[in-house]
Amino acid sequence: MAQAFGTGGAGIKRRTVYIREGDAYTRPSTLGAVDTLRNSGTKFGKFDDKSIKWNFDDGNKRPLNDGTDLVQDWVGKFEAALANFTPENVENFETEFDNEECDIILDDPVAKDMVVIKATVIHGRDEETSGDKGVYHIYGEKRVNAKSSFRDRFSYASFPDS
């Protein structure tokens, strides 16, 4: 019996989010170092499906004589919508991390891959609509000369234990 296309969930990321005050970040090279990185952050609950996103917008551009533009820097952006939106969770975020430079660690333990949004000032924002559930957005952005200065993405599937 053939499996229906797209039902296996391959490639779908289910990331656990950890936030820590911005530290000197170094990419881990062992599973022990991955655990240390995870444990250095606060596990920050559940987020709405498909709400964890990061991207880059072009920053400053310089026009070239062939009619194209040379992008000189980028603005890295991060946003996520907290699903377990409670007064306690909001207070904890605002006390510990709001308006602070933080690392955001996005871990997919099934795929064994991780993204670290590095040293970015993050903020929280309430959003409520009458008759609907409230949403608390966590977001931040940073202007960088290289995309790797904003985020580091790696697989730890083949890392040695220690």
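When reading the values below, keep in mind they use all heavy atoms of this one structure, side chains included, and skip hydrogens, waters and symmetry mates.
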| With side chains defined as the heavy atoms from C-beta onward, is the minimum distance between Phe93 and Glu88 less than 4.5 Å? | no
| Side-chain contact, heavy-atom cut-off 4.5 Å: Ile104 with Tyr18? | no
| Are Phe56 and Phe150 near enough that their ring centres are under 6.0 Å apart? |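 Yes - the distance between ring centres of Phe56 and Phe150 falls below the 6.0 Å cut-off.
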Might you point out which heavy atoms bring [X] and [Y] nearest each other, and give the distance in Å?
| X | Y | result |
| --- | --- | --- |
| Pro63 | Asp69 | CA-OD1, 3.4 Å |
| Ala111 | Asp108 | N-OD1, 3.1 Å |
| Arg153 | Trp54 | NH2-CZ2, 3.9 Å |
| Ala33 | Pro28 | CB-CB, 3.5 Å |
| Arg38 | Tyr156 | NH2-OH, 3.0 Å |
| Asp107 | Asp113 | OD1-O, 3.5 Å |

| Is the side chain of Ser149 donor-acceptor paired with the backbone N or O of Asn145 at a distance under 3.5 Å, no angle test? |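 Not confirmed, Ser149 side chain does not pair with Asn145 backbone.
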| field | Side chain Lys142, main chain Ala119, donor-acceptor under 3.5 Å | value | yes
| query | Roughly how far apart are Glu141 CD and Glu79 CD, rounded to 0.5 Å? | reply | 10.5 Å
| field | Spatial distance of atom CZ (Arg151) from atom OH (Tyr25) [nearest 0.5 Å] | value | 11.0 Å
| side-chain contact (heavy atoms from CB on, under 4.5 Å) evaluation trace for Val121 with Asn99 | CA-CA 6 Å; Val121 176; Asn99 208 32; 3.8 Å; yes
| query | Do Asp73 and Asn60 have side-chain N/O donor and acceptor atoms under 3.5 Å apart? | reply | yes
| task | Hey, can you tell me if His123 and Tyr139 have their rings parallel, tilted or perpendicular (30° and 60° cut-offs)? | result | tilted
| said: Could you go through Leu37 and Met114, starting from their C-alpha distance and side-chain angles, then the distance that decides it, and tell me whether this counts as side-chain contact (heavy atoms from CB on, under 4.5 Å)? | reply: CA-CA 11 Å; Leu37 178 60; Met114 188 175 277; 3.6 Å; yes
| message | Taking salt bridge (charged side-chain N to carboxylate O under 4.0 Å, His left out) as the cut-off, I'd like each qualifying pair that reaches into residues 91-100, sequence neighbours left out, listed once. | response |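 Of all non-adjacent pairs touching residues 91-100, none passes salt bridge (charged side-chain N to carboxylate O under 4.0 Å, His left out).
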